[in-house]
2 protein chains.
Amino acid sequence: MSNFQYVKKKPTIYDIASKLNITAATVSRALNDSELISKKTKKMVLESAHELSYFKNRHALALKSGRTNQIGLVVPFINRHFFSNIIMGVEEELYPKGYQVMIFQSNESEKKEQDVVEALLKNQVDGVLISVSKTTRTKSHFNKIIENNLPLIFFDRKVDVDNSSSVETDDEFGGKIATQHLIDQGCSQIAYVTVDLNLNIYKNRFKGYKKALEANNIDFNSDLVFQANSDVISGRKVARQILSNDIKIDSIFCSSDYIALGVIQELKDNNVDIPGDISVVGFSNEPFTELLDLTLTSIEQNPYEIGKSAARVFLDQVNAKDAIIEHAIKLKPKLCIRNSSMKNSLKPH
Amino acid sequence: MSNFQYVKKKPTIYDIASKLNITAATVSRALNDSELISKKTKKMVLESAHELSYFKNRHALALKSGRTNQIGLVVPFINRHFFSNIIMGVEEELYPKGYQVMIFQSNESEKKEQDVVEALLKNQVDGVLISVSKTTRTKSHFNKIIENNLPLIFFDRKVDVDNSSSVETDDEFGGKIATQHLIDQGCSQIAYVTVDLNLNIYKNRFKGYKKALEANNIDFNSDLVFQANSDVISGRKVARQILSNDIKIDSIFCSSDYIALGVIQELKDNNVDIPGDISVVGFSNEPFTELLDLTLTSIEQNPYEIGKSAARVFLDQVNAKDAIIEHAIKLKPKLCIRNSSMKNSLKPH
DNA sequence: CAATATTATGCAATGGATTGCACAATATAA
DNA sequence: TTATATTGTGCAATCCATTGCATAATATTG
């Protein structure tokens, strides 16, 4: 087999120009529908371009204009259901507008996040959408983005930066409706399991929990609040703690589905009836919640919509040109009721 | 708040040159460590570049060289556990080498796939890694990649294209070890549930199933083979069919975890003991398999490794320059034994 | 020391599209 | 018909890095 392969050269405006005996400048203007160019010439150029299947060279454009039609999207991990669905949403919104989405991971490392932002700036992206790493404490890399006059949009996890925008889940609302749902089921001794309260999302879910109690005249009891990591093992631990200390509760609201799953497993192992004795609610509506034997009631954050919304905010900023717009969008999450919390209803056969 | 924001201009080789009273050509050569340049000058240039925090403009490079250090990665959907982990692997391998990975989705549509490939070529990516859409029947878009002299690497799902490479799971092996495992558990009446046999992956899993039977002198019985879609509902349907027709089996090997889950749910609903009466094995090792009450034995394909491997093949091709290398790698999947298939063992408390 | 060989640098064109300015072609008014 | 206004194109520089060729600067040899 021969190694020679004929690589056809991509046509340029010069090819079109010489074919039509005009100059590249005219072709360029015609392609950009400049009002300086006559209709006749425009028509010629457009036809010719189509014929040669000409398309603009992105890199020449980028070099000349400094704009790339690429945006940077930074998530902690792309292989998380939540984030990959956000990516879906962003792509869906931006791809049709001619933007390309450069996806990067921070791996929850501040250093990697800084590197990645640096790389994005080198690439001259036209904007940055980012969900901040858990370990990030500084924000000079975010300021650098702003200094470069680029739209900066935080999603899900934000940091206070002037002239930036954000799209978040209304976590407080989520905490509230989950708690209210348990109350509606007749629960009043509602345990709460939180993850690191330094993180806004958990802080706000907790706030929602307390607000719902208050709205229903149920006294907040700090003995019913537990701290855990967002995983199954931690959930089991909490459940064990509750059982062995004989803490009286009729329900548990967990700020993570994984915790809820661990709780359920441990309770089941100890012959506690769910939801009969104890109702359980999780948070995030992970795919597995509806695959379990005992399906798990949870809060759906709709990451796909978060992505779409963040993308739209970006487009807004771009279109607004120099006017600085600061969006701060909070999307309402939705309660997905399943068997783990339905005290008085039929379960599917 | 003022709209004015000072955007500092990015330094170029000309800035370095004028600072040092030399020309841009010399700077360029120095930065590229050309042996034409004296050590003294190189040192000066490097220091100066560092001082100005200079970096090369990717687009100028791309324009000049036609190479972009970007590769295109096309998957059916990025929000699937399997594919997002492949992406992880690719990124991990290529990012340190200075490549950027442009991720695109085909949404299992041939048309979208063609568009996406077109877009990648316009972008002048340096290579394409792709997992072919289920609906793709033509391959002219793949040939176009080859005609452009770009490395083309298929992963997971391939199509025959000259001069391309591929990285796949050894599905036949997977089918074999899963079946063998059931046989080792004492099973001999092993039902098999397949998805569309037009797709290579399912064809090969089926082949593995048959080979294992043969190796153990168990007659293949086509009455035990069922067709389904890769979802829970279809799994339930198959189980119902088996039960209502009173087909005698001691195990079911499903070519998808979702099918296996449906099967399990339906069997449980009918008070069939798993694995006592019927053992169940799935395929793909989806995250939920170990979260279920009855954890599901499955075949781990290690998508992360598939991604890494595909990336390495790409790098090989690039380094080989004009020599055309055709890799055809098959990665051995791994059996993950869990409770759904363990006839004679303790289950976790 | 002159003459040649080496080494280090500069000049200028290239890649593709854009755009301010100059100028040609045409249309309008005097 | 000539002078002026209007419209449509062309010229050439620009964005930034690379590279073939020419030449300056230095080192080596006779």
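Throughout, protein chains are lettered first and strands after them, A, B, ... in sequence-line order, and every chain is numbered starting at 1. All values below come from the heavy atoms of this structure, side chains included, with hydrogens, waters and symmetry mates left out.
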Inset, instruction - Without swapping roles, check the side chain of T135(A) against the backbone of E110(A) for a donor-acceptor pair under 3.5 Å. - result: yes
Atom CG of L20(A) and atom P of dT9(D) are separated, to the nearest Å, by 11 Å
Of L129(B), L120(B), V132(B), the one forming a side-chain contact (heavy atoms from CB on, under 4.5 Å) with V74(B) is L120(B)
Minimal heavy-atom distance between N163(B) and E326(B), with the atoms involved, is N-OE2, 3.2 Å
Give a yes/no answer on whether the side chain of K56(A) brings an N or O atom under 4.0 Å of OP1 or OP2 in dT18(C). yes
Of all heavy-atom pairs linking L152(B) and V161(B), the shortest is CD2-CG1, 4.2 Å
- Task: Using a strict cut-off of less than 4.0 Å between a Lys/Arg side-chain nitrogen and an Asp/Glu carboxylate oxygen, indicate whether R312(B) and E93(B) qualify as a salt bridge.
- Result: yes
Of L36(A) and K64(B), the one whose nearest nucleotide on DNA chain C sits closer to the 5' end is K64(B)
_OP1 or OP2 of dA8(C) under 4.0 Å from side-chain N/O of K39(B)_ = no
With L73(A) as partner, the option from V101(A), V125(A), V128(A) fulfilling side-chain contact (heavy atoms from CB on, under 4.5 Å) is V101(A)
- Are side-chain N/O atoms of K64(A) and N57(A) paired as donor and acceptor at under 3.5 Å? no
note: I13(A), atom CD1; dT14(D), atom P; distance rounded to Å ~ 18 Å
Q. Charged N to carboxylate O below 4.0 Å: is that the case for K144(A) and E118(A)?
A. yes
T26(B) has its side chain closest, among dT9(D), dT9(C), dT19(D), to dT9(C)
Between V27(A) and A60(A), the residue closer to the 5' end of DNA chain D by nearest nucleotide is V27(A)
Per atom distances to the S28(B) side chain, the nearest of dA17(C), dC11(D), dT18(D) is dT18(D)
Of the candidates dT18(D), dG15(C), dT9(C), the side chain of S38(B) sits closest to dT9(C)
Atom OH of Y54(B) and atom P of dC16(D) are separated, to the nearest Å, by 10 Å
From CD of E35(B) across to P of dT19(D) the rounded distance in Å is 12 Å
From CZ of R58(B) across to P of dG16(C) the rounded distance in Å is 19 Å
ask   = OP1, OP2 of dT18(C) versus side-chain N and O of S65(A): anything below 4.0 Å?
value = no
With heavy atoms under 4.0 Å as the rule, sort L31(B) into base, sugar-phosphate or nothing. nothing
- Message: Under 4.0 Å, heavy atoms only, any strand: does Q124(B) hit a base, just the sugar-phosphate, or nothing?
- Response: nothing
Terminal axes of the helix from dC1(C)-dG30(D) to dA30(C)-dT1(D) (5 end pairs apiece), angle rounded to 10 degrees, sit apart by 60°
query = Will you find, in the side chains of Y95(A) and Q105(B), an N or O donor that is under 3.5 Å from an N or O acceptor?
reply = no
Rounded to whole Å, CD1 of I22(B) lies from P of dC11(C) at a distance of 12 Å
note: I16(A), atom CD1; dG16(C), atom P; distance rounded to Å ~ 12 Å
Practice task
Tell me what L61(B) touches on the nucleic acid: a base, only sugar-phosphate, or nothing, going by heavy atoms under 4.0 Å.
Solution key: sugar-phosphate
Please state whether the phosphate of dT18(C), meaning OP1 or OP2, lies under 4.0 angstrom from any side-chain nitrogen or oxygen of N32(A). yes
Exercise. With respect to the phosphate group of dT18(D), does any side-chain polar atom (N or O) of Y14(B) fall under 4.0 Å of OP1 or OP2?
Worked result: no
Of dC11(D), dT9(D), dT18(D), the nucleotide closest to the side chain of T41(A) is dT9(D)
Note to self: For dG10(D) and T23(A) - does any side-chain N or O of the residue sit under 4.0 Å from the phosphate oxygens OP1/OP2?
What the structure shows: yes
Side-chain contact check for L63(A): nearest option of dT14(C), dG16(C), dC11(D) is dG16(C)
| So, does the side chain of R29(B) form a donor-acceptor pair with the base of dG10(C) at under 3.5 Å? | yes
Between CG of N21(B) and C1' of dA25(D) the distance, given in whole Å, is 17 Å
